[in-house]
Each structure stands twice: as structure tokens, then as C-alpha cells.
Number of protein chains: 2
Amino acid sequence: MPAESDCTEMLDSETKAVETPEDHAEELRLWLRLLTCTTLIEGEVRGRLRQRFDVTLPRFDLMAQLDKAPDGMTLSDVSKRMMVSNGNVTGLVERLVESGHLDRRTSETDRRVQVIRLTKLGRAEFRKMAAEHETWIADLFADLSPKDVRELMRLLAKTKASAQKSAARRRS
Amino acid sequence: MPAESDCTEMLDSETKAVETPEDHAEELRLWLRLLTCTTLIEGEVRGRLRQRFDVTLPRFDLMAQLDKAPDGMTLSDVSKRMMVSNGNVTGLVERLVESGHLDRRTSETDRRVQVIRLTKLGRAEFRKMAAEHETWIADLFADLSPKDVRELMRLLAKTKASAQKSAARRRS
DNA sequence: CCGAATTGCTTTAAGCATAAAATGTTTTCC
DNA sequence: GGAAAACATTTTATGCTTAAAGCAATTCGG
């Protein structure tokens, strides 16, 4: 048995007598800060999309996914990529088909599958929005140096991997 | 006129003839990664809160705010702290009062103001949830070294400041 | 004082989001 | 071939979220 658990150990959850509840306040503060940053930027982007283009963020996100897939995507693909529930996509697509931005058809080889893609209108509108959107993001991150950006990218990649591992751990 | 704008310049938005549209792909990628991380972790926390305590994340967040304010808070305070709309808080509070977790009363000095605080039940339940929640967060960030955590904190602070500045710039 | 902002909150209408159950389709595997 | 499992999507029930409009109480400027 290790004298001191100096870092992360699986043992904690398996050895019975863990006396020190351990202090995870730093991680908690980090999580709250991460959340604050995201909420702040997301709210800003949402507001600008609404003001300038009268479009919602989820609609924009969905169109962004489709813009990268000229041959279309299935609803499941979209759902995975956007990390939202299946049912959510159904409604979102419904409204975007309604407004003429999306085209939806049943796959010919598998009648369970719906393939959606941007219409000409949808693509044109998205491109316009995306160009402006990119400048907003650049402005929101304007005070970060290129080095900061690189470093953040690296640390967030590490964070993502860590979280995915933890999520997988739970599911198993 | 500077020969080359080698970094961020206000000039860009003021001098008419900016030929190069500039490449902000890095910032865009950073934003997407930030969003992915947050969504991933948030979804995980949401799921665990639901499974273990049958509580939603917004409810938990609201209780967390109140736990830090033994004398209670006004709805506006809560709304600002949580960075959500006023109307949102109204409904959340309604349901939490209903379930006996919150106590709400009209301020005696200003009858527009509603002061809410945790009930004994609310506080007890929150403390139980918070303790477990902290271990989840620790686990989700487990692969980050203490140095990584510090560095991320620093960079996110910088990011937050930058975004706030940009948001203020727009509002003015 | 008193009308005009301002403030704090609620309501409304629309849309977003989830989990879980239901529906129809295709595979799998005896 | 045919039951059972797996799959893609939709439906259902509930709750969250926003922007904008509305209401009541307070404060401000003349």
C-alpha cells in the first residue's frame, strides 16, 4: 500500500480507508471558469447572429456541419457531431427544411436513413453568415497572442481527452 | 501607414482598403475546441446529476449560487451570476420553491425585490450533491497536471477578459 | 411634489434540449 | 427462412432558454 497518494490513483476508489477527502477546489474553479468563458462567448455569438441575420445558434451550427459535407449527412451523423440528442435534430431539421435551407430525402439503400444537405439558398446564406462569424470570433479572442492560442489549443485537447476517458470509465 | 500589420491593430477597421481578409482560422478552431470541451463535460455532469440525484443542472447551479449567500439573493443577482435571462430565473425558482428547496420573500424595503434563499432541506440536499459533484469534476480533469490546471486558469482568465472587452466594444 | 425614466420581476411566444418510449427497417444468427 | 437483436428516426413529456412586452414600485429631474 502506498504511503502517500501523491497524484491520481485508481486505488482511491478501491481501497476502503481513504481518510483525506482530498481537495479538488482547483479543478472546480477551473471548470467554472471554463464554463463562464464559453457561456460568455456563446451568448455574444448568439446575440450577434440574431441581430444580424435573425438566425439561432443551433440553426447556424447545423448548417455549419452540412457545409462541410457536400454530399449530405444522416441525422445520426449530425447528432453525433453536434453532441445533441437525436430528437433534437429532428425538430431542428424540420424547421430548416420548412424555411428552405435544407433538403431532406430518404436513403435509397436503407429506408431508415434520412440524408440532409444544404440547398443552394442554405449554402449561400450560411457562407455569408460564416464569414462574419469568423470576424466576431477573432475579435472575441483578440487579446490572446498566437502563442496563447497554441497553448490553449494544446491544453484543451488534453482536457478533452481526459474528460472522454472519464466518461468512458463511467459507462463501462 | 504601416507597411505590414504584423499583429492586432485597430487600424484595420478604420483604414478602408484592407486587401487581405486575414486568416482567423486558428481562433475559430480554438473556439470550437473550447465549446466541445465544455459541452462534453457539461453533458457528463448533467447525466450524473440526473442519475444520482434526479436533479437538473440548472437547478443545481441555482442552488450553488444560493449556498454561497446565506442571507439570500435577489432574482436579479442570481440572473447576473448565472448569466441567464431574468425570465429564466423566475421559472426555475418557481419550481424549486414548489419542491421545498427554496424560500422566497418580498423585500421589506423595496417591494419590487424578491429575496430567495435555500431552505434547510435545500441546503442539506445541495451539500450532498456538491460533495459528489466535486469528485466528478476532479475525475473529468484527472489527466491534467497541477501545472496544466494553473496554466489553463491563466489563459482562460485572459480569454474571459478579452471576450468581455469585445462584448463591451459592441454594446457601445 | 409630479411626471418621466429606471428598476425588478413576470408573462408570453417561440424555440431548444433531454430522456425514454414507440415505430419502422435492416441485420444477425441460428 | 424467421425470430431476435440492432439501428435510425420520431414521438412524447417535461423542462430550460431567450427576447420582447408588460406591470408595478422606486428614483430622478425639474
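Only a predicted model underlies this, so the values are computations on that prediction, with no experimental measurement involved. The chains referred to below are lettered A, B, ... by the order of the sequence lines, with proteins before strands, and numbering in each begins at 1.
As rounded to whole Å, 12 Å separates atom P of dT26(C) from atom CD of Gln114(A). Look at CD1 on Ile116(A): it is 9 Å from P on dT9(D), rounded to the nearest Å. Atom CZ of Arg111(A) and atom C1' of dT23(C) are 14 Å apart (whole Å). Atom CG in Leu49(B) sits about 15 Å away from atom C1' in dC16(D), given to the nearest Å. The interatomic distance linking Glu42(B) (CD) with dC16(D) (C1') rounds to 12 Å, in whole Å. Going from atom CG of Leu96(B) over to atom P of dT14(D) covers 18 Å, rounded to whole Å. If you measure from atom CD of Glu94(B) to atom P of dT10(C), you get 8 Å, rounded to the nearest angstrom. The distance between atom NZ of Lys80(A) and atom C1' of dT9(D), rounded to the nearest whole Å, is 12 Å.
Counting any heavy atom pair closer than 4.0 Å across all strands shown, Ser79(B) reaches no nucleic acid atom. Residue contacts for Ser76(A): at a heavy-atom cut-off of 4.0 Å it reaches the sugar-phosphate backbone alone, with no base atom in range.
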Worksheet item: So Phe126(A) and Phe60(A), ring pair (Phe, Tyr, Trp, His ring centres under 6.0 Å) or not? Walk me through it.
Response: CA-CA 7 Å; Phe126(A) 173 73; Phe60(A) 179 79; 5.3 Å; yes
Worksheet entry | Steps toward salt bridge (Lys or Arg N to Asp or Glu O under 4.0 Å) verdict (Arg105(A), Asp103(A)) | CA-CA 7 Å; Arg105(A) 62 186 59 173; Asp103(A) 171 75; 3.2 Å; yes
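If Asp77(A) and Thr109(B) are placed on DNA chain D by their nearest nucleotide, the residue sitting closer to the 5' end is Asp77(A). When the nearest nucleotides of DNA chain C are assigned to Thr90(B) and Glu108(A) by heavy-atom distance, the more 5′-ward of the two goes with Thr90(B).
Applying the 4.0 Å criterion to OP1 and OP2 of dT10(D), one finds that Arg104(A) has a side-chain N or O inside that range.
Heavy-atom contacts from other residues, nucleotides or ligands closer than 6.0 Å to NZ of Lys160(A) number 12 or fewer.
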What's touching nucleotides 15-21 of chain C from the protein side, N or O pairs under 3.5 Å?
from: dC16(C); atom 1: OP1; to: Thr56(A); atom 2: OG1; distance (Å): 2.9
from: dC16(C); atom 1: OP1; to: Arg59(A); atom 2: NH1; distance (Å): 3.0
from: dC16(C); atom 1: OP2; to: Arg95(A); atom 2: NE; distance (Å): 2.3
from: dC16(C); atom 1: OP2; to: Arg95(A); atom 2: NH2; distance (Å): 2.3
from: dA17(C); atom 1: OP2; to: Asn88(A); atom 2: ND2; distance (Å): 3.3
from: dA17(C); atom 1: O5'; to: Asn88(A); atom 2: ND2; distance (Å): 3.2
from: dT18(C); atom 1: OP2; to: Ser85(A); atom 2: N; distance (Å): 2.6
from: dT18(C); atom 1: OP2; to: Ser85(A); atom 2: OG; distance (Å): 3.1
from: dT18(C); atom 1: OP2; to: Asn88(A); atom 2: ND2; distance (Å): 3.3

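Comparing dT11(D), dT10(D), dG8(C) against the side chain of Val113(B) picks out dG8(C) as the nearest.
Side-chain atoms of Ser145(A) and Asp148(A) include a donor-acceptor pair closer than 3.5 Å. Side chains of Ser76(B) and Thr74(B): a donor-acceptor N/O pair is absent below 3.5 angstrom, by distance only.
Grouping the Ile, Leu, Val, Met, Phe, Trp and Tyr side chains by contacts below 4.5 angstrom, directly or via other members, places Leu34(A) apart from Leu40(B).
The base of dC7(D) sits within donor-acceptor range of the side chain of Arg112(A), with an N or O pair under 3.5 Å.
In summary, of the residues considered (His24(B), Arg169(B), Lys165(B)), a side chain to side chain donor-acceptor pair (under 3.5 Å) with Asp139(A) occurs for Arg169(B) alone.
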